[in-house]
Amino acid sequence: LEIFHFEFLAGKQVLLRKIQVGVVASGNLEVLIEPTNAVNSTVRVRTSVPGYRNEWTEILRTFFERHDVAAAIEINDGGASPPIVLLRLEQALEESRNAQ
Amino acid sequence: MRNESFGEKTARERAQLLFEPGTFTELLGPFARVESPHLLIQNIVPQSDDGVVIALGKIRRRKALIISLEGGFQGGSVGEVNGAKIAGALELALKETRGGRLVFPVLLFDTGGIRLQEANLGLLAISEIHSAIVELREFVPVTGVIAGRVGCFGGMAIAAALCSFLIGTEVGRLGLNGPEVIEQEAGTAEFDPLDRLLVWRTLGCRRRFDIGQLDQLVNDTVEAVASAVGERISIGMTRSKPGQLPRTRDIEPQLQKVRARPLADLENDRTQVVSQPAAPHRGRLWFEVLTRKLAPAEASNSVLVGDVLWGKEAIRAISVVPNPNARFPRAQHGQVGLEEGWRIAKAIWDAIETDDNKIRRTLLAIVDTPGQAFGFHEEDLGIHLSLAAAVEAYIAASRCGHPVVALIVGRAISGAFLAHGLQSGEILAFDHESIEIHVMSEAAVARVTRRTPEEVTALARIVPSTARDVRSFARFGGVDRLLQISNPAEPDAATIAHVQDEILQAIQRIRLVPTSRRQFDSLPASESRKMSFQVRKQLESLWRATDS
């Protein structure tokens, strides 16, 4: 198990609601995403597979480059591969942009 | 959407899909962040909802509570937090239903049973879930659904058997002990988990339906499950077959089915009893000294039942003991097996049905059992049902006014303890190093949690709920009184008199305040089961808020 905290300069787009997607299963993950007014977007990652700080940094940088959002994110990870992580993040973001 | 697989949905999606659109309100959802406090310390990533969804909404215009377990997270196992969410929600549904407003509970099982990482806390939670289901189903039908990839095992299989109506799909499985655990406890020859055909032919919901242990088998689609659940709720309390007893009350026919299994099929498993053990079985010894009755070891009976009068108090003592001639070899050494569960139930219902309302005798469960019987035939015939019958009988006895007291004189383990002892008004135990209380053998825990046996032993020091000693269990409120006994294997007259006196005092306390539920606001449980208590409190205020 390893826990990481990341911060990225918050983007312009504001989320409409908080959303949870996914399950902490083997090769899968849970993402909780919430709107934030802070200067920075924050991400807390708790992962069952230690030793991949650089990979997490890369994935999250990619995500925030693609999306100009302000968000507080929590990730509970059961050892998902990078594409799965990105997929869940995109899924959470899309749902949190819809009012209902 | 309606034709998609129900089993492939997440727990939350399943709950949402069963409610009328727009009526889903989740209580203690992911953003409440009430997660298990016991997992990070064990290097396990928690989930924000601890693997269960509790939601209120409408089904067929009636108020319904859906409890949906997430099989993907830790095998859908039940620990302290999700266990308290489930038990607490059922208790609130009971309160509201008793108050005149029916709440229809629906349990979506997708669970391997007790979460081994939280062990005894899961065990206590599951016993509370059992009693809530039994009480609820007097007022409303409690619907169970087994439609997930994990299936329904362990103490939660007992919970499923206690439901008023049980629905399953082809992807579901139901059994007390999973094949992996049986393999660990009894060897690959007993039940090979890799033999998929055998596993499904034994545990699959289709087979459970064929032998009458499931009420309805439906296709694995959202539409099929939703309409089966909806239909149940619109029928309400009317039974499909009038006068039919719940399956847990079907004692004589079930015992006959169990005894009809040919001895030749069972003979291969029989182990030779080399010699009589040096010390007599504690359960037998204490049965004999307390009832002043001799129970000869050669008598072919593994459930001892004896009535005794202590002053004005009539006591029926029940003890499960080793029986070298047991029909089912896996229940030879004092395990609670198929016959034992049904026989316990029979002894209790007999007391409930014969006693006058004014003088209801005490039921005394004398507990020394190494666990439930792990075996192929046990699963094949449905041992979960037999244990559920015993669980229900003890709960019914308390509710009818029989004081129920458990006396732990040796081992009190897992499913056997759920069926024999845990549903008592008071639990007394000897404060002695020889007393063992836990949920699974260390070897099996090691295998299932992928740890070494040394790691499992070491864990008990940092996670008290995985400890095996009686004092740890008492700290969780699992034992009401610890009795100071220096030699439980060879008690003298004074010791016996002391134990008898403690039992009589427990009976008096129960007669004064007849409640079968452990009190969370009483010490020491409130400290060591803080989360169990807090979760209930939070759930209650959120539940109330849904009405305003």
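What you see below is based on every heavy atom in this structure, not just the backbone, and it leaves out hydrogens, waters and symmetry mates. In what follows, chains carry the letters A, B, and so on, assigned in the order in which the sequence lines appear, proteins first and then strands, with residues in each chain numbered from 1.
Highest contact tally toward chain B, considering only A:T47, A:N76, A:D77, A:L32, is held by A:L32 [criterion: heavy-atom pairs under 4.5 Å]. Between chain A and the residues B:Q42, B:R12, B:R33, the most heavy-atom pairs under 4.5 angstrom are made by B:R33.
Residue A:Q20 touches chain B through both its backbone and its side chain, counting heavy-atom pairs closer than 4.5 Å. For B:E70, the part lying under 4.5 angstrom from a heavy atom of chain A is the side chain only. A:I75 does not touch chain B: none of its heavy atoms, backbone or side chain, sits under 4.5 Å away. With a 4.5 angstrom heavy-atom cutoff, A:L29 does not touch chain B via any of its atoms. With a 4.5 Å cut-off on non-hydrogen atoms, A:N28 does not touch chain B at all. Heavy atoms closer than 4.5 Å to chain A are found nowhere in B:E13, neither backbone nor side chain.
Checking side-chain atoms of A:E30 against main-chain N and O of B:S48 turns up a donor-acceptor pair under 3.5 Å.
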| Test side chain to side chain contact (heavy atoms under 4.5 Å, CB included) applied to A:L1 and B:I44, step by step | CA-CA 6 Å; A:L1 178 112; B:I44 295 168; 5.9 Å; no
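Within 6.0 Å of CZ on B:R61 lie no more than 12 heavy atoms contributed by other residues, nucleotides or ligands. Residue A:Y52 places its OH atom among 12 or fewer non-hydrogen atoms of other residues, nucleotides or ligands, all under 6.0 Å distant.
Annotation for B:L40 and A:R46: closest pair CD1-NH1, 3.6 Å, computed over non-hydrogen atoms. Of all non-hydrogen atoms in B:G72 and A:A25, the two that sit nearest each other are O-CB, 3.2 Å.
Identified by a heavy-atom distance below 4.5 Å to chain B, the contributing residues of residues 53-74 of chain A are A:E74, in residue-number order.
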